[in-house]
Amino acid sequence: MSITDQKVKTNSELPERSDKPAKQRPEWLEELVEYPARLQKFFQDVRAEMKLVVWPSRSEVMNTTLVVIMTTILFAVFLWLVDKGSERAVSLVLKTFTH
């Protein structure tokens, strides 16, 4: 075999040589080290999203609050009437069967 026939190994084919064994961090330590960068990215994302929020005007808030209050009152009155009606119906049934 001649020298030209032999395959010459390039640097990418050679195994990496290291004098010291590679120290691998535990997974929990990797996550702890990455935490500040992840936290910063989270706050950047929150800030970007908050800029996209369309906040309601004062009049819109007042109107929707009024609708919620009126609906609550309406349901409260309705449920009170149903409660009183069912109370009377039960008392009539009990009076009928107890006498």
Passing candidate, side-chain contact (heavy atoms from CB on, under 4.5 Å) with Met70, options Thr72, Leu66, Leu74: Leu66
Polar side-chain atom of Asn63 near backbone of Ser59 as donor-acceptor pair, under 3.5 Å: yes
Linked hydrophobic residues, Tyr35 as query - side chain contacts closer than 4.5 Å: Leu39, Phe42, Phe43, Val46, Met50, Val53, Trp55
Nearest-0.5 Å distance that lies between atom NZ in Lys95 and atom CZ in Arg88: 10.0 Å
Gap separating the CD atom of Gln40 from the CG atom of Asp45, nearest 0.5 angstrom: 10.5 Å
Gln44 vs Arg47, side chain to side chain contact (heavy atoms under 4.5 Å, CB included): CA-CA, chis, key distance, verdict: CA-CA 5 Å; Gln44 287 172 348; Arg47 188 174 193 153; 5.8 Å; no
Value rounded to 0.5 Å, distance of CG in Leu79 from NZ in Lys84: 13.5 Å
Neighbour count above 12 (heavy atom, 6.0 Å) for Arg38 CZ: yes
